[in-house]
Amino acid sequence: MNMILKLACLAVYALALAKLAGWLPADSFNRTPLVAAVLLGLHALELLFMFRHVRLYKGPLAVSVVLTLLFGLLHWKPLADAQARSRG
């Protein structure tokens with residue numbers, strides 16, 4: 001399920017970029033750039049408030065930041081859950 005939701009996020013971003021680049025018909029996907037901007041804004045807020053979980057990523061912090069901006073809780077929540085299981 002997590003992978004499907006991540007693919008949906010990527011599809012929104014791809015459609016928004018295609019719309020902004022003029023690659024899609026003028027009357028289609030008009031709100032997609034707004035939806036992508038709202039997603040990025042919400043994920044930026046998540047990054048600020050859940051940074052302690054974002055830091056749990058085993059790779060570079062910059063990669064974890066980008067993944068959080070793209071996917072939000074789909075990235076940091078599994079990291080937080082794994083930490084809770086290891087403590088518990």
Side-chain angles (χ1 to χ4, degrees):
M1 183 59 147
N2 198 3
M3 184 59 69
I4 293 170
L5 293 173
K6 285 183 178 183
L7 289 173
C9 285
L10 290 176
V12 168
Y13 299 139
L15 286 170
L17 288 173
K19 180 67 177 177
L20 292 173
W23 298 339
L24 297 175
D27 296 340
S28 64
F29 300 101
N30 291 329
R31 295 193 179 165
T32 307
L34 176 63
V35 171
V38 168
L39 271 176
L40 286 172
L42 289 173
H43 294 167
L45 287 173
E46 283 182 89
L47 179 62
L48 293 174
F49 291 107
M50 298 299 172
F51 192 72
R52 63 188 168 116
H53 299 303
V54 173
R55 289 180 42 217
L56 297 173
Y57 185 65
K58 299 294 184 206
L61 180 59
V63 171
S64 189
V65 167
V66 169
L67 290 172
T68 302
L69 288 174
L70 289 175
F71 305 120
L73 68 91
L74 298 174
H75 171 66
W76 63 259
K77 183 74 166 94
L79 300 171
D81 291 346
Q83 182 189 37
R85 280 192 304 273
S86 70
R87 285 186 187 175

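Quick caveat, the model's predicted, so the values are computed rather than measured.
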Chemist: Rounded to the nearest 0.5 Å, what's the gap from NE2 on His75 to CD on Glu46? Could you check?
Modeler: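 It comes to 11.0 Å.
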Chemist: Side chains of His43 and Thr68: donor-acceptor distance under 3.5 Å anywhere?
Modeler: no
Chemist: Between Ala44 and Leu69, which heavy-atom pair has the shortest distance, and what is it?
Modeler: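 Shortest heavy-atom contact: CA-CD2, 3.7 Å.
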Chemist: Check whether any side-chain heavy atom of Leu61 sits under 4.5 Å from a side-chain heavy atom of Phe51, and report yes or no.
Modeler: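 Leu61 reaches Phe51 side chain to side chain.
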Chemist: If Ile, Leu, Val, Met, Phe, Trp and Tyr residues are connected whenever their side-chain heavy atoms lie under 4.5 Å apart, and connections chain through other members, are Val63 and Val66 in the same group?
Modeler: yes
Chemist: Could you report the tightest heavy-atom contact between Val54 and Leu79, atom names first, then the distance?
Modeler: O-CD1, 4.4 Å
Chemist: Specify the closest pair of heavy atoms between Gln83 and Leu56, including all atoms of both residues, with the distance to one decimal.
Modeler: OE1-CD1, 3.4 Å
Chemist: Which heavy atom of Lys6 sits nearest a heavy atom of Leu74, and at what distance?
Modeler: CE-O, 3.7 Å
Chemist: Consider only side-chain heavy atoms of I, L, V, M, F, W and Y, link residues closer than 4.5 Å, and tell whether Tyr13 and Leu15 are in one cluster.
Modeler: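 No.
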Chemist: Are any of the side-chain heavy atoms of Phe71 and Asn2 separated by less than 4.5 Å?
Modeler: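 In short, these two side chains do not touch, never coming nearer than 4.5 Å.
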Chemist: Measure the shortest side-chain to side-chain distance between Arg55 and Ser64 over non-hydrogen atoms and say whether it is less than 4.5 angstrom.
Modeler: no
Chemist: If I compare all heavy atoms of Leu73 with all of Trp76, which pair ends up nearest, and what's the gap?
Modeler: CA-NE1, 3.2 Å
Chemist: What's the verdict on side chain to side chain donor-acceptor pair (under 3.5 Å) for Asn30 and Lys19, showing C-alpha distance, side-chain angles and the deciding distance?
Modeler: CA-CA 8 Å; Asn30 291 329; Lys19 180 67 177 177; 3.1 Å; yes
Chemist: Looking only at heavy atoms, what is the nearest atom pair of Ala16 and Ala36, with distance?
Modeler: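 That would be CB-CB, 3.6 Å.
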Chemist: Do Leu47 and Leu42 land in one hydrophobic cluster if side-chain heavy atoms of ILVMFWY residues count as linked below 4.5 Å?
Modeler: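 Shared cluster, no.
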Chemist: Are the charged groups of Asp81 and Lys77 less than 4.0 angstrom apart, N to O?
Modeler: yes
Chemist: Answer with yes or no whether the hydrophobic clustering places Leu10 together with Leu40; edges join I, L, V, M, F, W, Y residues whose side-chain heavy atoms lie under 4.5 Å apart.
Modeler: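 Yes, Leu10 connects to Leu40 through the hydrophobic network.
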Chemist: For the hydrophobic clusters of this structure (ILVMFWY residues joined by side-chain heavy atoms under 4.5 Å, transitively), does one cluster hold both Val12 and Leu5?
Modeler: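 Yes; tracing contacts between hydrophobic side chains, which count when under 4.5 Å, links both residues.
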